[in-house]
Amino acid sequence: MRTVVVITGASGSIFGVELLRRLPGERLLIVTRWGKVVLKEETGKTVRDLEGDCDGVFSDEDLASPLSSGSNPFDAVVVLPASASFLAHVAAGLGDTVATRVCHLALKERRRLVLGLRETPLTGIALENAARVAREGGIVMPVSPFFYLKPDSLERLVGDFVDRVVQVVTGTPVPEGWRRGDLP
Ligand SMILES: Cc1cc2nc3c(=O)[nH]c(=O)nc-3n(C[C@H](O)[C@H](O)[C@H](O)COP(=O)(O)O)c2cc1C
């Protein structure tokens with residue numbers, strides 16, 4: 001499985017960093033211009049630090065990238081975290097950066113698209129944009145960690161949510177689920 005992972009300039013870069021570690025298969029990474037700033041601010045990391053956790057890093061600016069073409073296969077795009085601005089671009093059908101272009105490709109080629117929206121509160125504009133993308137088949141998955149597994153650390157909280165993203169992308173069940181042991 002080949003997945004394009006996009007890290008934007010929304011808060012929560014740590015989720016994207018952990019996704020690279022946990023996602024099975026081939027992972028191709030794009031970090032937006034503001035994604036780089038927030039990544040550094042929140043995790044102290046640069047894109048170079050993430051190279052070891054992915055199979056290739058692509059510039060967001062170079063639209064001559066092989067990722068810009070729908071004829072090149074990939075199975076899924078995950079944007080984590082996704083800014084409200086990024087969501088607006090995708091909802092408007094804009095593809096003027098490599099990251100927005102791969103999202104457009106995912107929608108038009110009916111490949112999996114997951115947007116881990118991270119913004120609060122949400123404007124009506126963002127809600128309408130989310131609905132628009134969802135109607136096109138995109139999965140809008142707000143960065144919304146859960147607490148029923150009683151995370152005792154930030155790492156655990158982030159990891160549990162990222163496992164849930166992996167489940168949505170790949171269909172692989174999360175390692176632990178709410179009262180899973182009670183299932184037959
Ligand atoms: C420290 C920092 C945190 C930010 N957090 C958010 C956020 O949580 N959600 C959001 O939608 N935008 C956030 N922004 C604003 C985005 O970075 C900005 O809208 C940017 O244009 C997004 O561009 P991109 O989606 O291409 O990365 C933040 C900016 C900074 C500098």
Side-chain angles (χ1 to χ4, degrees), residues 3-20 23 27-51 53-54 56-65 67-68 74 76-108 111-134 136 138-147 151 154-155 157-162 164-165 168-169:
T3 306
V4 180
V5 174
V6 178
I7 297 177
T8 77
S11 184
S13 331
I14 188 173
F15 287 92
V17 171
E18 193 58 30
L19 178 69
L20 290 174
L23 194 64
R27 296 135 306 155
L28 307 181
L29 174 66
I30 303 167
V31 184
T32 67
R33 177 164 158 244
W34 282 99
K36 289 175 189 167
V37 174
V38 179
L39 176 72
K40 183 72 180 164
E41 178 69 25
E42 293 188 345
T43 71
K45 293 182 193 298
T46 64
V47 174
R48 179 156 287 190
D49 296 321
L50 306 183
E51 283 175 357
D53 287 321
C54 64
V57 177
F58 290 81
S59 157
D60 194 25
E61 284 85 37
D62 180 15
L63 274 161
S65 165
L67 293 183
S68 295
F74 60 81
V77 179
V78 188
V79 186
L80 184 67
S83 71
S85 169
F86 193 89
L87 170 70
H89 279 74
V90 176
L94 296 175
D96 54 353
T97 61
V98 181
T100 54
R101 174 72 185 156
V102 289
C103 293
H104 182 72
L105 293 179
L107 292 179
K108 85 180 177 76
R111 298 174 194 161
R112 186 146 290 208
L113 172 64
V114 177
L115 294 177
L117 178 63
R118 209 321 310 178
E119 179 62 300
T120 194
L122 289 168
T123 61
I125 298 166
L127 291 166
E128 283 173 13
N129 285 336
R132 208 166 178 190
V133 170
E136 276 294 311
I139 297 173
V140 180
M141 188 170 182
V143 175
S144 178
F146 43 91
F147 296 89
L154 179 63
E155 289 70 26
L157 181 138
V158 169
D160 286 346
F161 180 75
V162 167
R164 191 73 178 81
V165 175
V168 168
V169 178

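These numbers come from the heavy atoms of this one structure, side chains and all, not from hydrogens, waters or symmetry mates. Atoms within each ligand, like the ligands themselves, are counted from 1 in listed order.
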(request) Would you give the length of the straight line joining atom CG of Leu80 to atom CD of Glu18, rounded to the nearest 0.5 angstrom? (result) 10.5 Å
(message) Does Glu51 have more than 12 heavy atoms from other residues, nucleotides or ligands lying within 6.0 Å of its CD?
(response) yes
(message) Applying ring-ring contact (aromatic ring centres under 6.0 Å, His included), can you list everything that pairs with Phe15, at least two apart in sequence or on another chain?
(response) Phe161
(request) Would you check if the side chain of Arg27 reaches a backbone N or O of Leu20 as a donor-acceptor pair within less than 3.5 Å? (result) yes
N/O contact list for ligand 1, threshold under 3.5 Å:
unit_1, atom_1, unit_2, atom_2, d
ligand 1, 5 (N), Ser11, N, 3.1
ligand 1, 8 (O), Ser11, N, 3.0
ligand 1, 8 (O), Arg118, O, 3.2
ligand 1, 8 (O), Arg118, NE, 3.0
ligand 1, 8 (O), Arg118, NH2, 2.9
ligand 1, 9 (N), Arg118, O, 2.6
ligand 1, 11 (O), Ala84, N, 2.8
ligand 1, 11 (O), Glu119, OE2, 3.4
ligand 1, 14 (N), Gly9, O, 3.3
ligand 1, 17 (O), Gly9, O, 2.8
ligand 1, 25 (O), Ser83, OG, 2.6
ligand 1, 27 (O), Gly9, N, 2.7
ligand 1, 27 (O), Thr32, OG1, 2.6

(message) Looking at every non-hydrogen atom in both residues, tell me the closest pair between Asp160 and Pro151 and how far apart they are.
(response) OD2-CB, 4.4 Å
(request) Decide if atom CD1 of Ile125 counts as having more than 12 heavy atoms of other residues, nucleotides or ligands within a radius under 6.0 Å. (result) no
